[in-house]
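Worksheet: one structure, shown below.
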Amino acid sequence: MERSVKYHYDPKWKRTHRCGELGGADTGRNVTIAGWVKKVREFGDLTFLDLWDRTGLIQLVVEASQPSLHRLFVSLRAEDVIACRGTVKKRPPEMVNLKMATGEVEIVVEEIEIFNRSEVPPFNVSDQIKASDDLRLRYRYLDLRRDKMQRNLELRHRLALETRNFLSRQGFLEIETPMLVKRTPEGARDYLVPSRLQPGKFYALPQSPQLYKQILMVAGFDRYFQLARCLRDEDLRADRQPEHTQIDIEMSFVTEEEVFAVTESLIKELFYGEADKGRRDPFPRIDYEQAMSRYGSDKPDLRFELEISDCSKLFAESGFEAFASAVRQGGVVRGISFPPGTAFSNNQIKKLEKQVKSAGAKGLATVKVDETGLSSPLDKFLGGDEMDRILSFFEAGTGNPSLLLLVAGSRESVEKSLGDLRLYLGRTYLLKGRNDEFKFLWVNRFPLFLPVEGGGWEPAHHIFSMPLEEDIPFLDQDPGRVRGHLYDLVCNGTELGSGSIRIHRRELQEKLFKIIGMDQAAAERKFGFLLRAFEFGGPPHGGIALGLDRLAMIIGGESSIRDYIAFPKTQSAASLMEEAPSEVEEEILRELHIRIEKEEG
RNA sequence: GGGGUCGUAGUUCAGUUUGGUUAGAACGCCGGCCUGUCACGCCGGAGGUCGCGAGUUCGAGUCUCGUCGGCCCCGCCA
C-alpha cells in the first residue's frame, strides 16, 4: 500500500554520499543516498537492489526482519527513483564483487523513500548498446542515462573546460557573437529566421562567427575565442549535424606559424594532457598539392603509410595503349604497392576494381608478384624490360612480393579513386587493433579559387583568406594558380579544423571579390561593414576553428558525433524526442508575414 | 536530388531466398518459489495492425508498386 503521495522533496533525504563514492573506509557509517533503481534481485526474504547515480552503482540489501520495509523494497523496479538511508556494511569476504567499484560494501537499508516510479522502460537502460537509433533518440533521457553516454558527455565537458582554461591562460578572451545575423551569400545554406518587425526580411543563424571574429580583431581584441554554435542547413552525415560547436579562435599580428603553435599546444593538451604534451612531436605538415598526389586526399589518414606513387613517366611510351594515351593526353598513371594484396582472390580484386570505377577511374590494372613469379593482365602488352622497370620502381619482385594497383586517367580521377582505394585498403587490412592512435597533420597552401562550371571562379574555402605572397602576381592572369594561407588540421583522416590568415586591407579584399564575380556594389551590399571596418585600422590577423564534436568523437574512439551531443538530430534533421520541426499556427505565420504554399500531391 | 540497407512481441533478432497448419527465440514484463545474489536460479503466464497503403493470388510476414521512418554513402557542406 502506498502512503499518501508527497510531491515535495523532503530535505531529510539530502544525500550524504553519491552511489559510486562508497567503499570499505565508510564501513559503519550511516548514509543517505539517492538514485535510480537498476536491478532488483529477490531471494525470498532477502533482497538485493543495485542503485545507480552518475558516479556509479551500489548494492542495497534488505532482510526479512522488517516486513513493511521489505514489501516496499521488493515492489521497486528498474528506473524508479528512490532515496535510501542505511548503514554501510562490509560484505563477507566471499561475497565481495570485484567487478563493482563499490563491491566491497553494501548498504543495509533502514528507510526508503520513493520519489517516482518508472514505467517499464522501452529498452534496457543498463545495456551497453542494444536499442535502435530511433528509440534511443525518442527516449533520449533514458539513452543519456546509459553509462557510455554519461562518459561521453563528461569527456565533452572536460574538453570544453580545458579549452577555456588553456586559451584563457594564453591571454584569449571568450566573446559571444550574435545568433541572429545577416545572411551570408557564400558557403553553406543558411537557416533563416523571419523578422516580425520588418516584414519580408530575414535574419540568418550563423554558419560560423567568421565575420564577427574578424571585426573583433579590428576592435583590438588581440586574441579571441568562443565555443560557438554553428548552424548550417545542409544534409547530414555521421560526422555532420545541422548545429555543431566550434572552438573558434582568432589572433592579431600573427603568422601561420603562430596559429599552428597555439593550436598544437591546445590539441596536445586536450589529447594527451598537460604532463605529456611536451614530449610529443610537432605535427607534420604537407601542402595540399602533395597531399593530393601522395594520398589522394586533402585529409590523409596517416595511421598507415601506403603512399601513392606517380609512375606516369614509365608509361609514356608504353605498349599498354590505355595508359600511354592517358599520359599523352596530359593525364597521369599512379599506383599503390600493397604487399598483403598478394593473397587476394580474384573476387577481392574485382571488388577493388568496382570500387575505383565507382570513384571515377576507367579501370584498375594489377601486377601481382611473389615467390611463384609474376601475374598481370598487363604483361602481354608490355614490351622489353618494361615490366622490370615497373617492378623496380615500386621496389617489388619475387624477393619482395606485392600487389601493384595502377590507375590511369585525368589527375583528378586518379587522385580520387586511388585515394579511396588507399583508405579502404589501409582501414580494412592495416588498421586492426590500432584505434587508439592519433596521427595529426597540417595540410596547408590550399588553392584559393576553384573553377566554376561555365567559367569564373569560386572561393575554395572562404573569400577572406590571404593569398600567398609569391602567388599574388597570378591574381590577375591565373587565379587558379593562386594558393592561400589556408590550413586544415587533420587527425586519422578526419578534418578537425581549418583556418587561414585573413585579408586585412580593403583593396585586396575587393580584388578577391571581383575575381569571384562580385562587383563593387554587390560587395558593398553584402560585406560593406567588413570592408569599412578594415578602413578604420584592420590589423593583420588569422585564426582557426576546431570542431568540438569531432574532437570528442575522435578522442572517444567513435565514428558518429551524435553520441557526443546531448540532443542530436536524425539524418533528416528531425528531433524525434520533441518532434521538431513542427507546423505552426496560421496566426503566428501571419504575424511573421509568411504564407505557406502547400506542395501539390 | 540520387544510391544502398533496415523496419516482425516492450526490446534485440530468426522466419522472407522457394507464398500454404496455430508467426518463433532470447531478454524484458506479470504471478509463484528461493537467506548471499550481483548476467541469480527454478516453475508458470500474458504479450503480435509482421511500419503504413494499394495490388497480384484460392491464400501474402514472404511477391509487385507506392508511401513513411531509422541508419550508411554520393551530391551538398567553415
Side-chain angles (χ1 to χ4, degrees), chain A residues 38-51 57-65 70 74 77-79 89 91-100 102-103 106 108 118-139 142 184 186-190 206-211 213 228 230-242 244-249 355 358-360 416 420 446 459-465 486-489 495-500 543-547 550 559-560 562 569-572 574 576 579 601:
Chain A
K38 281 294 138 182
K39 189 88 196 171
V40 182
R41 289 178 298 276
E42 206 188 321
F43 285 85
D45 294 332
L46 176 73
T47 300
F48 301 99
L49 182 154
D50 291 336
L51 191 68
L57 276 178
I58 179 83
Q59 175 166 283
L60 313 185
V61 59
V62 166
E63 297 200 25
S65 45
H70 189 254
V74 298
R77 293 292 176 269
E79 310 310 327
K89 195 188 89 182
R91 299 194 196 183
E94 64 276 20
M95 303 310 162
V96 167
N97 184 353
L98 294 173
K99 280 180 274 179
M100 246 170 126
T102 61
E106 62 196 2
V108 181
S118 171
E119 295 288 320
V120 175
F123 54 87
N124 186 338
V125 176
S126 303
D127 276 356
Q128 279 315 306
I129 267 269
K130 258 208 179 156
S132 65
D133 285 299
D134 88 325
L135 261 191
R136 291 176 59 198
L137 290 174
R138 219 174 285 283
Y139 297 91
L142 294 179
T184 50
E186 314 296 327
R189 205 173 289 119
D190 287 309
Q207 298 176 24
S208 78
Q210 181 62 35
L211 296 171
K213 69 176 178 178
C230 301
L231 300 108
R232 288 165 205 168
D233 188 5
E234 295 291 347
D235 288 1
L236 288 74
R237 287 283 192 287
D239 62 352
R240 277 174 9 204
Q241 282 277 305
H244 72 284
T245 305
Q246 284 187 346
I247 302 172
D248 195 42
I249 296 174
Q355 195 189 320
S358 77
K416 169 100 179 68
D420 284 3
F446 282 77
H461 176 76
H462 63 52
I463 190 64
F464 310 108
S465 301
L486 290 158
Y487 34 84
D488 281 2
L489 176 63
E495 183 192 310
L496 278 187
S498 74
S500 62
I544 191 166
L546 304 164
R550 286 185 184 176
S559 49
S560 171
R562 278 192 282 266
K569 305 270 190 287
T570 66
Q571 188 137 49
S572 50
L576 299 179
E579 296 184 319

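The chains referred to below are lettered A, B, ... by the order of the sequence lines, with proteins before strands, and numbering in each begins at 1.
Across the C1' atoms, B:C72 and B:G10 are found 27 Å apart, a figure rounded to whole Å. Comparing the C1' positions of B:G51 and B:A9 gives a spacing of 15 Å, expressed to the nearest Å. Taking atom C1' on both nucleotides, B:C34 is separated from B:C40 by 11 Å, rounded to a whole Å. Separation of the C1' atoms belonging to B:C29 and B:G48 is 15 Å when rounded to the nearest angstrom. Taking the P atom of each, B:C65 and B:C77 are spaced 34 Å apart, rounded to whole Å. Separation of the P atoms belonging to B:A25 and B:G66 is 36 Å when rounded to the nearest angstrom. When the P atom is compared between B:U37 and B:G32, the two are found 23 Å apart, to the nearest whole Å. Distance noted for atom C1' between B:A23 and B:G61: 8 Å (whole Å).
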**OP:** Please assess A:His461 against A:Ser498 for the test side-chain contact (heavy atoms from CB on, under 4.5 Å), listing each intermediate value before the final yes or no.
**Re:** CA-CA 9 Å; A:His461 176 76; A:Ser498 74; 3.2 Å; yes
**OP:** Under the side-chain contact (heavy atoms from CB on, under 4.5 Å) rule, what do A:Leu576 and A:Arg136 come out as? Steps first, then yes or no, please.
**Re:** CA-CA 9 Å; A:Leu576 299 179; A:Arg136 291 176 59 198; over 6 Å; no
**OP:** Begin from the C-alpha positions of A:Arg77 and A:Val120 and carry the test side-chain contact (heavy atoms from CB on, under 4.5 Å) through to its verdict.
**Re:** CA-CA 8 Å; A:Arg77 293 292 176 269; A:Val120 175; over 6 Å; no
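For the pair A:Leu49 CG and B:U37 C1', the interatomic distance rounds to 12 Å; values are reported in whole Å. For A:Lys569 and B:C71, the NZ to P distance is 13 Å, given to the nearest whole Å. Rounded to whole Å, the distance from NZ on A:Lys89 to P on B:C38 is 17 Å. When rounded to the nearest whole Å, the span between CG of A:Asp45 and P of B:U37 equals 16 Å. For the pair A:Arg237 CZ and B:G75 P, the computed distance is 7 Å after rounding to whole Å. Whole-Å rounding puts the A:Met95 CE to B:U35 C1' distance at 10 Å. Residue A:Asp239 contributes atom CG, which lies 9 Å from atom P of B:C72 at whole-angstrom precision. Taking atom CG on A:Leu98 and atom P on B:G36, their separation rounds to 20 Å, with Å as the unit.
Remark: A:Ala460 engages A:Leu450 in a side chain to side chain contact (heavy atoms under 4.5 Å, CB included) (not counting sequence neighbours). Every residue meeting the side chain to side chain contact (heavy atoms under 4.5 Å, CB included) condition with A:Ser500, not counting sequence neighbours, appears here in chain and number order: A:His462, A:Ser465, A:Leu486, A:Arg502. Considering only residues two or more places apart in sequence or on other chains, A:Lys569 meets the side chain to side chain donor-acceptor pair (under 3.5 Å) condition with A:Glu243. Under the rule for a side chain to side chain contact (heavy atoms under 4.5 Å, CB included), the partners of A:Glu63 that lie at least two apart in sequence or sit in another chain are A:Leu46, A:Ser65. Taking the side chain to side chain donor-acceptor pair (under 3.5 Å) definition, one finds that A:Arg41 meets it with A:Asp50, A:Gln59, sequence neighbours left out. Partners of A:Ser559 by side chain to side chain contact (heavy atoms under 4.5 Å, CB included), not counting sequence neighbours: none found.
Paired with A:Leu51 under the rule side-chain contact (heavy atoms from CB on, under 4.5 Å), one option of A:Leu57, A:Thr102, A:Leu60 passes, and it is A:Leu60.
Searching all strands for a Watson-Crick or G-U wobble partner of B:U12 with both distances below 3.5 Å returns B:A25. The nucleotide B:C65 finds its pairing partner in B:G53, both defining distances of the Watson-Crick or G-U wobble pair being shorter than 3.5 Å. In a base pair of the Watson-Crick type (N1 to N3 plus N6-O4 or O6-N4) or a G-U wobble (N1-O2 and O6-N3), with each distance short of 3.5 Å, B:C38 is matched with no nucleotide. Using the Watson-Crick or G-U wobble rule with both distances under 3.5 Å, B:C71 pairs with B:G4.
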N/O to N/O distances under 3.5 Å, protein versus nucleotides 66-70 of chain B:
residue : atom : partner  : partner atom : Å
B:G70   : OP1  : A:Thr570 : OG1          : 2.9
B:G70   : OP1  : A:Ser572 : OG           : 2.9
B:G70   : OP2  : A:Ser572 : OG           : 3.1

Review item, nucleotides 39-43 of chain B N/O atoms under 3.5 Å of protein N/O:
residue : atom : partner : partner atom : Å
B:A39   : OP1  : A:Lys99 : NZ           : 3.4
B:A39   : OP2  : A:Lys99 : NZ           : 3.3
B:C40   : OP1  : A:Lys39 : NZ           : 3.0
B:C40   : N4   : A:Glu42 : O            : 2.7

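Take the nearest nucleotide of RNA chain B for A:Ser559 and for A:Gln246: the residue whose nucleotide is more 5' is A:Ser559. Two residues, A:Glu63 and A:Ala188, neighbour RNA chain B, and the one matched to the more 5' nucleotide by heavy-atom proximity is A:Glu63.
As judged by a 4.0 angstrom heavy-atom cut-off over every strand, A:Ala545 is placed among residues making no nucleic acid contact. Within 4.0 Å (heavy atoms only), A:Glu119 reaches no atom of the nucleic acid at all. A:Leu135 comes within 4.0 angstrom of the backbone, heavy atoms only, and of no base.
A:Arg562 contributes no side-chain N or O that forms a donor-acceptor pair with the base of B:C71 under 3.5 Å. For B:G28, its base never sits under 3.5 Å from the side chain of A:Arg77 at any donor and acceptor pair. No N or O donor and acceptor, one from the side chain of A:Arg232 and one from the base of B:C77, sit under 3.5 Å apart. Judged by atom type and distance alone, A:Arg91 reaches the base of B:U37 through a side-chain donor-acceptor pair under 3.5 Å.
Listed pair A:Arg240 / B:C72 fails the phosphate criterion, with no side-chain N or O lying under 4.0 Å from OP1 or OP2.
Both geometric conditions, a ring-centre gap below 5.5 Å and a plane tilt below 30°, are fulfilled for A:Phe48 over the base of B:U37.
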Could you go through residues 230-238 of chain A and list every donor-acceptor pair under 3.5 Å that involves a side-chain atom there, pairing it with any protein atom two or more places apart or in another chain?
residue  : atom : partner  : partner atom : Å
A:Arg232 : NE   : A:Gln207 : O            : 3.1
A:Arg232 : NH2  : A:Gln207 : O            : 2.7
A:Glu234 : OE2  : A:Arg189 : N            : 2.8

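The OG1 atom of A:Thr570 sits 10.0 Å away from the CG atom of A:Asp133 when rounded to the nearest 0.5 Å.
Among the nucleotides B:C72, B:C73, B:C77, the one closest to any side-chain atom of A:Glu234 is B:C77. Distance from the side chain of A:Val120 is smallest for B:G28 among the nucleotides B:G28, B:C76, B:U37.
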